[in-house]
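Hydrogens, waters and symmetry mates are skipped; everything else that's a heavy atom, side chains included, is used.
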Amino acid sequence: MFNTLSREGLADAPMGTFAKHSGGMGHGRPQAGVRTDLSSGGRMFRTLFIWLLVLGCAPMALAQQAARVGVSPEKQMLLTLREAVTMALENNRDIEIERLNTQLSEFDWRAAKGVYDPSLSSTLLYQRQTLPVASILAGGDNGQLQSTDFTGSATLAKRLPWQGGQVRLNFDHSRGTTQNLFNALNPQFTSQLSVEFTQPLFRNRKIDAERRQIRIASRRMDLSDSQFRQRAVEIIASVERAYWDLAFARRDAEIKSESVTLARSQLAHNERLAAQGTLAPADVVSARVEVERRVDEAEAALEAIQRAENALKALLLPTGNRGASPEQTTEQWAAAIVPAEQPQLKNDSVLPVADALRLAFSNRPEMEQYRLRKDLNKIDAEYYRDQTKPQVDFIASYGAYGLAGKARTAANPIVESNQVLFDRINQLSQAAGLPPLTPINFGATPDKFLGGYGQSLNNLLRNDYRTFRVGVSFNFSLGNHTAKAQYGRALAEGRKLDAERERTEHLIEVEVRNALQAVDTARRRVEAATSSRAHAELQYQSEQRKFDAGQSTNFFVLDRQNALSAARGRELKALTDYTKAAAELQRALSLTLVNNNVALAKHNN
């Protein structure tokens, strides 16, 4: 693939250019008599010999380029730009961090919505107590009153997602036994069912702490999506820059390698002429100096490949144990990345500045983030403004009761003492011929209260015994300085966000204008560099023909070689800068994801 790229890189030159460049590479001007005696067949033979020499030296130069630290020349990974982008989105840790931040925001939103989940609470208690009593009217016997109670309660509470209302459903029941002589039911079962509704009328009606937190969590989730999108754009832009830097470094190394090959061919030619006595030894020395200078440039280009490749691998390859074992990661680092694409000049029309600015302002994630931050600020301002109001709540409740138990067989002391008194009076009345007194009826326990726990529930559901309550509660904070200060701070924060948004718009406009200018300048640089390279080739060919005719010197031929190599490098640099400038313009307009066919899923909240 390296050779293939080399051939593709030379495709810009006219047919036969490389053969012409390789055709007579002596340092120093040959003697006119010697040049004149050379026939056309001899010149063709010499040209063919040097061409074979160049082809023989090229593999050595490529092998020299492949000798890099930690990289095996046998392992090569042909990589397109889209494949590089896909690998970065899958393996880059910054992308993974932003993806996890998005998930964390989603969990925060779900947690905030959990405030509307119904809550069920229950309590079961068993109680046994013995109390001292000093009065028979307390119902105790022998100066004490003993009772046992088993009580249970359950509460189902639910916050309403609108208007800040709250509903509570309470159910209480108990079973009690007592030594109280005045209780008609022993054991006694009681039950109670009640519903309570609370509705804020001023404060917390439109918004409360819970609804504020839900709305904030929702906006923060959207903010995390936008930040994830922004980070993805930045990573893709970094991958594009690193990809084209590597493509430039490899092609630049090829140009440097070709220059070394030409210099070595010239050195061999000069040594041969010097051995024949037709060239001064000083020209051999100058040719050897030129070879070493170009080898130094080739070595620097080789290091540039390594640095560019490492920068690209740092964006693409997984870290730690994510997606690959340590052996696989080592193998990936040892493989040489070969870009399958080369920078090219596109004939795209230039976007007008006004259209570019509108596109950037509507697409840039930063502007969307300011809109979301402004929404967060509005939520805070609305909440704190609501907190400055007085708290007035409407309260309504409804309850029903049930009662049942086993009738006590023993009479209480008052009834027993009255019965003795009535019996004695009736005996005296009978002796005196008077009619007997009718005993006082204290009332019997209704039959519907006689039974167990089921009877108590039945009485509860009959809804014969109920309570209804309606009212209003007030809570005034005198001064309410805390809420007022927080509301003022929210307003100031909103003004600060507006100023920051305007500053960002200004920076984006500068960035877009610079990116448009960079693309336009890079396009003209490519055109100029291409023309310069074409003329450098013509100059070198002309100088080579002059040298063959004995009208030039070795110095000028080497100078034209250096000029041609520099022109090729400038053309490559201009093409690379143009491609990177186009990618930067896409980033400035926030079209990177669209142009790379990358779609990011958004959360639906």
Margin query: For Asp577, is there an ion pair with Lys573 - N to carboxylate O distance below 4.0 angstrom?
Written below: yes
Check: Under 4.0 Å between a Lys/Arg side-chain N and an Asp/Glu carboxylate O for Arg533 and Glu571?
Finding: yes
Next item on the list: Could you tell me whether the side chains of Asn562 and Glu290 share a donor-acceptor contact shorter than 3.5 Å?
Entry: yes
Next item on the list: Report yes if some heavy atom in the side chain of Arg525 is under 4.5 Å from a heavy atom in the side chain of Tyr578; otherwise report no.
Entry: no
Checklist line | Under the salt bridge (charged side-chain N to carboxylate O under 4.0 Å, His left out) test, residues paired with Glu527 that sit two or more places apart | finding: none
Next item on the list: Indicate whether any N or O donor in one side chain lies under 3.5 Å from an N or O acceptor in the other, for Arg241 and Ser238.
Entry: yes
Check: So is Arg560 actually on top of Tyr540's ring, under 6.0 Å and inside 45° of the axis?
Finding: no
Note to self: Check this for me: does any side-chain nitrogen of one of Glu309 and Lys313 sit under 4.0 Å from a carboxylate oxygen of the other?
What the structure shows: yes
Note to self: Test of understanding: with salt bridge (charged side-chain N to carboxylate O under 4.0 Å, His left out), list the residues that count as partners of Arg513, not counting sequence neighbours.
What the structure shows: Glu509
Check: Under a 4.0 Å N-O cut-off, is there an ion pair linking Glu299 with Lys256?
Finding: no
Checklist line | Residue pairs, two or more places apart or on separate chains, that pass salt bridge (charged side-chain N to carboxylate O under 4.0 Å, His left out) and touch residues 351-365 | finding: Asp355-Arg358, Arg364-Glu366, Arg364-Glu511
Checklist line | Pairs where residues 70-88 contributes a residue and the test salt bridge (charged side-chain N to carboxylate O under 4.0 Å, His left out) is met, not counting sequence neighbours | finding: none
Next item on the list: Verify the distance criterion only: is there a donor paired with an acceptor across the side chains of Arg294 and Ser259 at less than 3.5 Å?
Entry: yes
Margin query: Salt bridge or not between Glu98 and Arg231? Use side-chain N to carboxylate O under 4.0 Å.
Written below: no
Checklist line | Listed partners of Glu502 passing salt bridge (charged side-chain N to carboxylate O under 4.0 Å, His left out), at least two apart | finding: none
Note to self: For Ser224 and Ser105, which I'm curious about, is there any donor-acceptor pair between the side chains at under 3.5 Å?
What the structure shows: yes
Checklist line | Partner set under salt bridge (charged side-chain N to carboxylate O under 4.0 Å, His left out) for Asp375, not counting sequence neighbours | finding: Arg219, Arg371
